[in-house]
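All ligand and atom numbering here is 1-based and tracks the order in the structure.
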Amino acid sequence: MLTKTATPTPLAQMLTHGRAGTDTLFGLVRPEALYERPVPERHRLIFYFGHLEAFDWNLIGQPAAVPSFSPEFDQLFAFGIDPKPGHTQQDERSDWPEIAEVRAYNRRVRQTLDDVLNQTSEQLLSIALEHRLMHAETFAYLLHSLSIDQKHIPFVASFPQSAAPIQVMLEIPGGTVTLGQPRKDVSGKNRFGWDNEFESHDASVASFAMSKYKVTNGEYLKFVRAGANPPHFWKWHEGQWYWRGMWEDVPLPLDWPVYATYEEASAFAAWAGKRLPTEAEFHRAAYGTVRGEEERAYPWGDEEPDSRRGNFGGNRWDPISVTATPLGDSAFGVSQLVGNGWEWTSTAFQPFPGFHTFSCYPGYSARFFDGDHYVLKGASPRTDARLLRRSFRNWFRPNFPYLYSGFRCVEV
Ligand SMILES: [Fe+2]
């Protein structure tokens, strides 16, 4: 029989590591600011403090028949929100429990679940782990929108700025791409992926041209000067544009990718006489090969991700120059298809053929197949390297402005 002293499985160890990461993130918020709601369409920060443990409890504790010690908190912290813009929450600060109560709940959840982690399936542990890693990123969006005096500022290395690059369009030859992933690996073992990553299927892509770099702030500035509204991450101050950084505002770096909504990205592309890529075109540019060999695991090849290949994995809080990581280029020479900001595609988020929900988490994807969410591919500076797998799909509403998401244009 497994006991408390049994060696944790690798996934259980990763979950423990993930907990330390999210603890560090919550520690960056000054305590009273946990009751702030920096993004109107999301919960107050205190919700997320309780949500990660309540989610794990509801996912792992309930199937293991572990008796609940706080059904009220299990329910209060169970679900996040994604309302249409303008449909914001009306709750009060006093509707939420004190920080010490939530901290005590979190501690007890962890202690109790730790006793059953070694008997928990790999699928449930993977869901718990990746759910936490995804929240670590989306919590960064909320933290970004929190005023700087409400945060504990860590030491942050600066990054040299360079001139905006000359944008070029690269020819991407047509070919077949594989979307999604198979449910089993070659040895017949179940592969982990979220419900929306199945089934694996091929799609045919015609030739097109794609910009080598993500659209930069410098390029978008011309659009703003032509009359477009500035994106959320820009701020006009004393006659100059600034980037709203995580820890400080800096003069707008013209060589960084612009972070924009789907609507802004689409409008820019139309203004430039181009369009956004489809999800399949993104795959072709990112994972296709020149001579038609098997698609790559990552744009740069099959080597595991590291910081030389791109700005992902939580090493930085803000973007870097679009030219900074040439070692991450795809076979066709396209830069930063993974890292330094997600990229909008023109593909509405819909299930792949053969999709079915996870019984343990039926709403993960299915409640977003409403035609009002679009697929994003790639990764941001705050995306964990585990989520860089080729089949991973992200999605958001077309006008949600708080994301670390940019875009690039294509033309036929
Ligand atoms: Fe969640």
Side-chain angles (χ1 to χ4, degrees), residues 11 14-26 29 34 36-63 68 70-84 87-89 91 96-97 102-103 105-106 109-110 113 120 123-145 192-197 314 342 349 357-370 373 376 379-380 382-384 386-387 392-397 400 402-405:
L11 272 169
M14 282 189 257
L15 182 60
T16 302
H17 186 72
R19 287 170 176 169
T22 47
D23 286 350
T24 301
L25 267 183
F26 288 116
V29 181
L34 278 172
E36 294 290 326
R37 187 202 310 279
V39 169
E41 294 88 4
R42 292 293 182 266
H43 277 305
R44 293 171 192 273
L45 299 179
I46 187 76
F47 166 82
Y48 301 93
F49 188 45
H51 173 61
L52 295 177
E53 308 317 323
F55 180 90
D56 288 357
W57 180 269
N58 293 330
L59 181 78
I60 296 170
Q62 283 185 357
S68 174
S70 181
E72 185 197 344
F73 277 21
D74 299 346
Q75 187 60 36
L76 179 68
F77 293 113
F79 299 110
I81 52 172
D82 175 37
K84 288 185 174 157
H87 293 71
T88 51
Q89 296 293 102
D91 58 272
W96 295 91
V102 185
R103 190 171 284 125
Y105 170 80
N106 289 347
V109 166
R110 290 184 184 183
L113 289 187
T120 302
Q123 189 196 33
L124 289 187
L125 284 175
S126 298
I127 288 174
L129 172 63
E130 293 201 4
H131 172 263
R132 184 174 293 267
L133 297 176
M134 286 189 274
H135 268 291
E137 172 167 350
T138 53
F139 191 78
Y141 303 161
L142 307 184
L143 198 58
H144 208 119
S145 288
F192 180 74
W194 291 93
D195 53 6
N196 63 67
E197 296 175 54
W342 293 93
F349 184 52
T357 59
F358 289 164
S359 58
C360 60
Y361 195 174
Y364 176 69
S365 302
R367 63 196 174 107
F368 301 99
F369 296 146
D370 58 1
H373 291 78
L376 298 109
S380 89
R382 305 306 302 174
T383 308
D384 192 272
R386 186 183 157 96
L387 306 178
F392 189 85
R393 309 169 84 196
N394 197 358
W395 66 92
F396 274 95
R397 289 188 185 278
F400 190 66
Y402 309 98
L403 315 176
Y404 299 154
S405 63

Trainee: Just say parallel, tilted or perpendicular for the rings of F73 and F77, cut-offs at 30° and 60°.
Mentor: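 The rings of F73 and F77 stand perpendicular, inter-plane angle above 60°.
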Trainee: What verdict does the side-chain hydrogen bond (donor to acceptor under 3.5 Å, both in side chains) test give for Y404 and H144, after you've listed the backbone C-alpha separation in whole Å, the side-chain angles of each residue and the deciding distance to 0.1 Å?
Mentor: CA-CA 10 Å; Y404 299 154; H144 208 119; 2.7 Å; yes
Trainee: Run through the protein N/O/S atoms less than 2.8 Å from the Fe ion (ligand 1) and write them out by chain and number.
Mentor: H51 NE2, H131 NE2, H135 NE2
Trainee: How about D74 and Y105: does a side-chain donor come under 3.5 Å of a side-chain acceptor?
Mentor: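 There is such a pair (donor and acceptor under 3.5 Å, judged by atom type) between the side chains of D74 and Y105.
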Trainee: Do L76 and W96 come close enough that some side-chain heavy atom pair is under 4.5 Å?
Mentor: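 Of all side-chain heavy-atom pairs linking W96 with L76, at least one is under 4.5 Å.
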Trainee: Show your working on ring pair (Phe, Tyr, Trp, His ring centres under 6.0 Å) between F49 and F26 and close with a plain yes or no.
Mentor: CA-CA 7 Å; F49 188 45; F26 288 116; 5.2 Å; yes
Trainee: Closest heavy-atom contact between G80 and H51?
Mentor: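 Looks like N-CE1, 4.5 Å.
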